[in-house]
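Here's the structure, in structure tokens; my notes come after.
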Amino acid sequence: MREITLSRAVNEAIAEEMRRDPTTFLMGEDVAEAGTPFKVLSGLVEEFGTERVLDTPISEPGFVGLAVGAAMTGARPIVDLMFGDFLYLVMDQLCNQAAKQHYMSGGKLTVPMVLRTNLGATRRSAAQHSQSLQALVAHIPGLKVAMPSSAYEAKGLMKTAVRDNNPVVIFEDKLMYQDKAPVPEEEYLIPFGEANVKREGRDITLIATSSMVQVAEKAAETLAAEGIEAEVIDPRTIVPLDEATLLESVKKTSRAIVIDEGHQSYGVTAEIASRLNEKAFYHLDAPVLRMGAMDVPVPFSPALEDITVPAPEGVADNARRLCAGEMIHAA
Amino acid sequence: MREITLSRAVNEAIAEEMRRDPTTFLMGEDVAEAGTPFKVLSGLVEEFGTERVLDTPISEPGFVGLAVGAAMTGARPIVDLMFGDFLYLVMDQLCNQAAKQHYMSGGKLTVPMVLRTNLGATRRSAAQHSQSLQALVAHIPGLKVAMPSSAYEAKGLMKTAVRDNNPVVIFEDKLMYQDKAPVPEEEYLIPFGEANVKREGRDITLIATSSMVQVAEKAAETLAAEGIEAEVIDPRTIVPLDEATLLESVKKTSRAIVIDEGHQSYGVTAEIASRLNEKAFYHLDAPVLRMGAMDVPVPFSPALEDITVPAPEGVADNARRLCAGEMIHAA
Amino acid sequence: MTAKTNTDDYLRMYTQMVRIRTFEDNANQLYLSAKMPGLTHMYSGEEAVAVGICEALTDSDRITSTHRGHGHCVAKGAEFRQMFCELLGKEEGYCRGKGGSMHIADQSHGNLGANAIVGGSMGIATGSALRAKLQGADDVTVCFFGDGATAQGLWYEVMNMAALWRLPVIYACENNGYSEYTKTEEIAAGSITARAEAFGIEAHRVDGQDVLAVNELAQTLAARCRKGEGPFFVELMTYRYHGHHVGDINREYYRSKEEEADWKENRDPIVRFRGWLVAQGIATEDEIEALNAQVKQDAKEAVTYAEAARYPDISEVDMHVHAETDPATLRPGA
Amino acid sequence: MTAKTNTDDYLRMYTQMVRIRTFEDNANQLYLSAKMPGLTHMYSGEEAVAVGICEALTDSDRITSTHRGHGHCVAKGAEFRQMFCELLGKEEGYCRGKGGSMHIADQSHGNLGANAIVGGSMGIATGSALRAKLQGADDVTVCFFGDGATAQGLWYEVMNMAALWRLPVIYACENNGYSEYTKTEEIAAGSITARAEAFGIEAHRVDGQDVLAVNELAQTLAARCRKGEGPFFVELMTYRYHGHHVGDINREYYRSKEEEADWKENRDPIVRFRGWLVAQGIATEDEIEALNAQVKQDAKEAVTYAEAARYPDISEVDMHVHAETDPATLRPGA
Ligand SMILES: Cc1ncc(C[n+]2csc(CCOP(=O)(O)OP(=O)(O)O)c2C)c(N)n1
Ligand SMILES: Cc1ncc(C[n+]2csc(CCOP(=O)(O)OP(=O)(O)O)c2C)c(N)n1
Ligand SMILES: [Mg+2]
Ligand SMILES: [Mg+2]
């Protein structure tokens, strides 16, 4: 199968959906001629024109608000939010307005829009351009939240996001834009709420999102060499969450680590770990461990930044200890 | 001891701190003559004048931003955010600016400010005036988060918040403003990170925040009549979190329910439950259960609204089942 | 005085104003008799604004409304029954009781909904206008908001885009002199019309108690929007008779009884328009009284109906969190 | 031409402009030779703005800066060594390497910091001015931001409060014609000065390539701020020589080489001021060359120092998340 970059995959998904549905349009800062600073959207304005690829002023709450209104009245906007860190600016439009319209109107209004943004540290971009804020939006009822872990998922999830009748937030890993993966030529969509078992194993389950899937896979390779068979699962969407697949695996392996690049405290790993603990408690041989980013603003200095996010060695290390029956924290 | 309302307690705390420290001032919408819609701040403008009690325009990001700048340059602002639901509007100023200054400046800049706001549903205020958004801010390193559960805590935690050298978000339960509790005449402060054991018990631990402390206490009374002794613990601050006290209790009782009025998924209960599972796993006789608000926007209709938040019967019911050895969800 | 050219139109404007006033009197009564859950914000006194504007619009034109939204809802064509049902949290309400007064919406007549976030619908209105432009539709969107809402930064962001892209949106600022318990002049520096003009937006100021003046301006601006000459800004000078919300009874610390009396006695939009209708021979006093009585009767019946109506079944509590997506559309090739 | 009345002042202004240009040339070189972590935004071309304004301020006056912040930092008095250390993430940097280029701050000279959120420091600057007013201090705060930042709603919110409360703040908009890869006219409707004026704020437009014109205006406005006549708005017309950031090399799809050459060749602030200094007999060409050489030498030494300097110890990673609070202050009676 051909291999394309994550950047190209997103571009293809959007182009295909814009061809398919004339009510779909794209807006954001420098999305047209510049094709975004990451060049993900290059070429779209040439195909669809400035009517459907709109460069906006630096007004994040404003243009997200416009997208909500356009979506409520018959369009399907795809909004580009240049950095995930800017989510804080659009929280009211996203969480008070978009997320609640359908419910507050008793099902009459719908807000079919996509907010595509990114996550990920270790790019030396410092505290305001490196955050992974998926936990914030996952907490708000009415939104859906997708976290592609490769070009394949980036394309398939984006296409589903555009067709979904709800506001969907999709986080791309900004360090992965140039990473290639096999992506079919033929059209495909990845349904929301279906986790992907990336690697099978019987000893321990590694549940990882987005950027952390590679980390988990690398850890699994290391472990395999030592005879520990780790199962690696990518939930792909954290809302909705495919609990069934996660539970099934954990019931089989009896041990789990949940890995996500957001801050650990009050983050995504807590929710997933809690559900496993609640619903597979009597199958667990050890506590479900969580590995999130450190609870610190992301430091600029390379010397510090790299140690703030989970890395393969750390995952392997924890897995080894869990499998050896060591209780990490337990008194 | 005299009993005063939560509203009065907050008012006293702020007045005392404003008398103590001339760099302290108060700002927000309708905080001066009107004393806020909840009348919590009545009388302060008469004592401190409009120079230190500032009525602002309806510009939440703006005045929170002003508070950050004032705090960075030598003042100690107390900002009133009329409804917790407006947190979405100020997330950038709070989470990108206030929370990160100290870290990003390598410890040189400090932002000693208090953001007081509220939480709580069942007031028939619908989806945009009923949210309990503590999980969002608890996730962001650099902030501290206090959740008083009575007039006593409201006063003691507010005084500590004003003196703390960090941005502190303090959530009051808007349904509790008229509730009275014993509050000493003498000055006192409640340190951050010290949980309060509200009731001792040996059979199960109920960890509850803010509005949910009363719910847990009521459940504990019901349970006591049936011979189940529940320990009720109020963490009082969720950042920092007094893990030690919680763990000690759970190791004793072997069972726990965590109750918080925020949405359950990706919420506060997940973090607390995860920590207990991680660090007291081998002491647990049953999975730690979580009870948050339903994952739905808060409905207006009274018929629906009341069932979205945890209630004493539900807590008692879950506690009974845990103590009877029933596994709630486990397959 | 020539905004509407026939008797029926004038009478409908009058009736719509009376319907709003009557709706609010009943809503207030429901609150005072503890039959209404929560609080609500009365539109009484501002009727000429909503009616003058909405009578210049069609059902395919959109509006966005505010926390003080009953007036916009009635003026845009809503029925009393579903409105009262909504205010009481009943299943037959416009939003199945899930929205309540602060989120009442009426899709069928183009009302995209009230909003409990001050200024919160400015993006929505502008986005609706963007959709119209992109899709070549000729509908207009009116964004209602209060003077206090001009302090929200969002407004400047969306005005800029509306102006750059010449969107068919009219920003209608209902300047009733107060935001909650604070006078506008204490919280708004400079000039509100100049703020719109700075973005190259044509701005107007109009007497919001004169329904014909409002309507005439709205007709002109709506027509010009349809021709691609938008956006526009209108500041409508008006007054709210009640407190900020129904529970705001003792108001003397922020505004005087004399001021309230002056507006009510000398500038009431309904009384003024009634006088004009009679003077022009469009209706007799008796006809007006009959019409008033009919509206009262309608409201009474609707209230009675709503009081007796069912609450939504509790199984509805987790319905409508997410909209359904037809699985067929998610297949390749679909 | 009389803004600064003695030779030393003129020469310091010149030197500061050269220091900025030289700092940027070295920073760019560090990037190109892959010695700098991440990206950075060059201030070259805009030197007269930062220097003209900051030379009108004292160390107790505050500024807030932007993502394009090296110029403000130098102009407000920072040292090369700590600046380069910060850019390279070293412990001796102004922020112990934790902030980097986009968050460089220099508390000791009143620089409250660069900001990676466009417009993100508008509240901070205005709050600093509010603090000055409340505490009766006579310092002034200057809020630097770009033309693109005028699209952030926050600006209108804080201008309103600054105007209502007459705060000693100067909003300094560096209009370099672009935000990232987009021309200002494509994303800003109407007039930027009119936007400030609408809030009752006195607005000025000045040639940002003329350091004396900038300095003269800044001196006047700072003095008037101290007398309680603030706030003010200044739009400074300028140009950035490099791309949006150091990695933005191929720029022809959004601006022409001719346009760039025109600004560099005909309006360079350093060349212009140098010519004036020589013409006025304040310095000879030789003295200027010596001065330039000295700055180059200083920069080179600072770079060498910074390259050799230590990274922060990894134990620092979770230091400074929270500021310490002296437990003694938390006791009753304290
Ligand atoms: C973002 C936000 N801030 C504050 C409030 C609380 N609030 C509700 S109405 C109101 C005053 C609004 O004034 P104005 O816009 O003039 O409308 P009016 O009530 O006068 O019709 C305020 C402050 C809110 N609902 N939303
Ligand atoms: C809130 C926010 N939106 C977008 C960005 C990405 N961004 C960084 S600089 C910039 C352009 C800023 O333009 P301007 O304010 O004119 O400053 P200049 O770069 O021209 O100095 C943008 C869009 C950001 N950092 N913050
Ligand atoms: Mg008003
Ligand atoms: Mg610019």
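Quick note on labels: first sequence line is chain A, next is B, and so on, each numbered from 1. Just so it is clear, the model here is predicted, and its values are computed rather than measured.
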Six-ring centre of B:Y103, D:K98 cation under 6.0 angstrom, axis tolerance 45°: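 Judged by the rule, D:K98 and B:Y103 form a cation-pi pair.
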Ignoring hydrogens and angles, tell me if any N or O in the side chain of [X] forms a donor-acceptor pair with the backbone of [Y] under 3.5 Å.
X	Y	answer
D:R96	B:K108	no
B:E187	D:P332	no
B:R163	D:R331	yes

At a heavy-atom separation under 4.5 Å, does [X] approach chain D through its side chain, its backbone, both, or neither?
X	result
B:L143	backbone
B:T110	side chain
B:D164	both
B:R52	neither
B:E60	backbone
B:K144	both
B:F25	side chain
B:D21	neither

Those residues of residues 102-113 of chain D, ordered by number, that approach chain B below 4.5 Å (heavy atom to heavy atom):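 Expected list: D:H103, D:A105, D:Q107, D:L112.
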Residues of residues 79-92 of chain D with any heavy atom under 4.5 Å of a heavy atom in chain B: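 Counting heavy atoms that sit under 4.5 Å from chain B, no residue of residues 79-92 of chain D is involved.
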[X] versus [Y], closest heavy-atom pair with distance:
X	Y	answer
D:E324	B:N165	O-ND2, 2.8 Å
B:V239	D:H322	CG1-CE1, 4.3 Å
B:P57	D:L164	CG-CD1, 3.9 Å
D:I124	B:V68	CG1-CG1, 4.0 Å
B:D55	D:W165	O-CZ2, 3.4 Å
B:G62	D:E157	N-OE1, 2.7 Å

Stepwise side-chain contact (heavy atoms from CB on, under 4.5 Å) check, D:L330 with B:K159: CA-CA 8 Å; D:L330 296 178; B:K159 285 173 67 79; over 6 Å; no
Any side-chain heavy-atom pair of B:H102 and D:V321 under 4.5 Å: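 Of all side-chain heavy-atom pairs linking D:V321 with B:H102, none is under 4.5 Å.
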Pairs where residues 120-154 of chain D contributes a residue and the test ring pair (Phe, Tyr, Trp, His ring centres under 6.0 Å) is met, not counting sequence neighbours: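 Checked against ring pair (Phe, Tyr, Trp, His ring centres under 6.0 Å) - neighbours excluded - the pairs reaching residues 120-154 of chain D are D:H72-D:F144, D:F145-D:W155.
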Whether over 12 other heavy atoms sit under 6.0 Å from B:R19 CZ: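 Count over threshold, so yes.
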Pairs meeting criterion side-chain hydrogen bond (donor to acceptor under 3.5 Å, both in side chains) with involvement of residues 121-131 of chain D, two or more places apart: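 Found B:T73-D:R131, D:T64-D:S121, D:T126-D:Y171, D:S128-D:R131, D:S128-D:T141, D:R131-D:D139.
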